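Everything below concerns the one structure shown next.
Since the structure is predicted, the reported quantities are computational estimates derived from the model, not experimental observations. The sequence lines fix the lettering, A, B, ..., with proteins before strands; numbering per chain opens at 1.
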There are 2 protein chains.
Amino acid sequence: MIETPPLREALIQAGIALLAEGGPAALTLRQAALRAGVSHAAPAHHFSGLPGLLTAIAARAFDTFAQTLQTARDGAGDDPRARLHGICQGYLTFAATHAGLFHLMFTAPEVDRRDPALDPAAALSYQILQQACRPFATHPDDRLEVSVWSMVHGYAALGFCTPAPPRPMAKPPKFSDLLDELLRS
Amino acid sequence: MIETPPLREALIQAGIALLAEGGPAALTLRQAALRAGVSHAAPAHHFSGLPGLLTAIAARAFDTFAQTLQTARDGAGDDPRARLHGICQGYLTFAATHAGLFHLMFTAPEVDRRDPALDPAAALSYQILQQACRPFATHPDDRLEVSVWSMVHGYAALGFCTPAPPRPMAKPPKFSDLLDELLRS
DNA sequence: AGATCAGCTTGACACTGTCAACCTGCCGCG
DNA sequence: CGCGGCAGGTTGACAGTGTCAAGCTGATCT
């Protein structure tokens with residue numbers, strides 16, 4: 001099952017660790033190479049420069065993201081509403097605990113988001129949310145999942161789910177309340 | 001009225017131009033200094049390093065952002081629903097046409113978002129949206145503006161409003177439809 | 001056995017942010 | 001009036017970065 005060169009995997013893991021420890025600024029090619037025990041130019045044989053490494057890490061992040069959504073859904077019971085709430089909670093928890101990966105997945109400008117390597121896990125994530133929204137559709141060509149995804153993503157990106165909400169907001173409302181309000185339409 | 005040193009203003013304008021032309025990677029201290037016609041170390045006398053310049057540009061971006069929302073609202077007539085739609089459309093248009101500034105305002109990790117320089121315009125932006133949401137509140141302590149802001153921001157950040165939507169989506173739904181759906185609750 | 005080549009190293013280059021030292025003209029004050 | 005201080009600009013240097021070119025090396029295939 002190990003088809004990918006071991007160094008490539010080691011560099012991805014080193015990059016994830018650097019990102020978690022020192023934020024996006026600490027994730028450099030040379031540091032990743034140093035942590036993997038190779039010379040500074042070795043990564044060039046496995047990634048197309050820094051953007052390549054970041055994109056590979058983003059792809060890996062989408063994998064664990066989809067898995068997080070899946071387990072959050074499965075752990076929320078059988079009620080459709082509870083399942084959708086669980087998925088959104090998983091989304092917010094992932095964004096808060098893996099802020100670096102989250103930033104890489106969605107907003108880091110160096111990542112090539114058209115890379116096919118992102119496709120499988122990204123599509124799976126979308127399908128998980130889409131499927132959970134289906135019981136709430138009012139008519140067949142409903143696009144409720146876009147509303148939910150936009151809202152939960154905006155809620156996470158704006159920082160409502162972190163300990164430091166934007167300044168105009170002393171106490172941000174809980175996302176679950178917003179979701180219930182949206183589903184009541 | 002000109003209380004700020006002229007070079008500071010020139011550097012901010014140069015930075016905005018660099019950002020618009022070459023994206024976030026092109027916005028460097030040295031290039032901004034070069035374009036302003038000063039030496040590479042001159043910016044240090046007006047900003048606390050690169051994060052300082054980026055934060056100042058973000059503050060400037062919030063100014064024009066608030067102004068954009070305001071004119072979008074005023075140009076949408078008197079109907080509360082039309083006004084809210086106009087504001088959201090202004091939000092999405094700003095995000096699409098000033099992607100660099102938008103990224104700086106909300107997601108660039110180098111920007112110090114607790115800088116008080118961001119406060120006035122950011123608070124004004126929030127108040128504009130909050131005020132436009134008030135007619136739709138069902139009970140006094142409603143937080144509808146958080147729902148709307150999260151949704152429109154997520155919609156913009158996920159790229160639905162750009163010519164290249166995320167891959168699972170061939171034809172993203174129009175945001176105005178999502179907003180109507182939310183308001184129907 | 002010998003050619004091939006992926007994978008890694010070394011070395012160099014341009015570019016970046018940042019710091020220290022220095023210059024310079026202006027402004028306030030003795 | 002003279003002069004000290006200093007905001008604001010310069011030059012020069014340094015470490016760190018991404019990226020490229022050249023070379024080495026060991027396994028693999030013919």
Side-chain angles (χ1 to χ4, degrees), chain A residues 1-59 100 103-104 108-113 115 117, chain B residues 1-59 100 103-104 108-113 115 117:
Chain A
M1 183 62 187
I2 303 181
E3 307 156 359
T4 69
L7 178 54
R8 181 184 165 94
E9 181 62 27
L11 289 169
I12 291 177
Q13 293 302 330
I16 292 175
L18 287 169
L19 192 60
E21 294 171 13
L27 174 41
T28 70
L29 271 182
R30 289 175 114 101
Q31 285 299 318
L34 182 66
R35 190 169 288 224
V38 293
S39 79
H40 66 267
H45 293 269
H46 296 278
F47 308 97
S48 61
L50 179 61
L53 174 59
L54 297 184
T55 302
I57 294 179
H103 174 253
L104 225 54
E110 306 95 334
V111 173
D112 176 20
R113 254 165 286 277
D115 191 312
Chain B
M1 183 59 186
I2 305 180
E3 307 156 358
T4 68
L7 178 55
R8 181 184 165 95
E9 181 62 28
L11 289 169
I12 291 177
Q13 293 302 330
I16 292 175
L18 287 169
L19 192 61
E21 295 171 13
L27 174 41
T28 70
L29 272 181
R30 288 175 115 102
Q31 285 299 318
L34 182 66
R35 190 168 288 223
V38 292
S39 78
H40 66 266
H45 292 269
H46 296 278
F47 307 98
S48 61
L50 179 61
L53 174 59
L54 298 184
T55 302
I57 294 179
H103 174 252
L104 226 54
E110 307 94 334
V111 172
D112 176 21
R113 253 164 287 276
D115 191 312

Is it true that a side-chain atom of B:Arg113 and a backbone atom of B:Ala108 form a donor plus acceptor pair closer than 3.5 Å? yes
Phosphate oxygens OP1/OP2 of D:dG16: is one of them under 4.0 Å from a side-chain N or O of A:Gln31? no
In whole angstrom, give the distance that lies between atom CZ of B:Phe47 and atom P of D:dG9. 11 Å
On DNA chain D, more 5' by nearest nucleotide between A:Leu27 and A:His45 is A:Leu27
Flag the pair A:Phe47 / A:Thr55 as yes when at least one side-chain heavy-atom distance between them is below 4.5 Å, and no otherwise. no
From the list C:dT9, C:dT18, D:dT19, which nucleotide is the closest neighbour of the side chain of A:Ser39? C:dT9
Checking contacts here: which listed nucleotide (D:dG18, D:dT10, C:dT9) is nearest the side-chain heavy atoms of A:Leu50? D:dG18
Under a 4.5 Å cut-off applied to non-hydrogen side-chain atoms, are A:Leu18 and A:Arg35 in contact? yes
Gap between atoms CD and P, on B:Glu110 and D:dT17 respectively (whole Å): 16 Å
Would you check, one step at a time, whether the test side-chain contact (heavy atoms from CB on, under 4.5 Å) holds for B:Ile57 with B:Ile16? CA-CA 7 Å; B:Ile57 294 179; B:Ile16 292 175; 3.8 Å; yes
Does a side-chain N or O of A:His46 approach OP1 or OP2 of C:dA6 to a distance below 4.0 Å, or not? no
Could you tell me how far apart A:Leu11 (CG) and C:dC8 (C1') are, to the nearest whole angstrom? 12 Å
Presence of A:Thr28 side-chain N/O under 4.0 Å of D:dT17 phosphate oxygens OP1/OP2: yes
Separation of D:dT11 atom P from B:Leu34 atom CG, nearest Å, is 13 Å
Quickly work out the A:His40 NE2 to D:dT17 P distance and round it to whole Å. 11 Å
Rounding to an integer number of Å, can you tell me how far B:Arg8 CZ sits from D:dA7 P? 16 Å
Length of the line joining A:Arg30:CZ and D:dA15:C1', which is rounded to integer Å: 11 Å
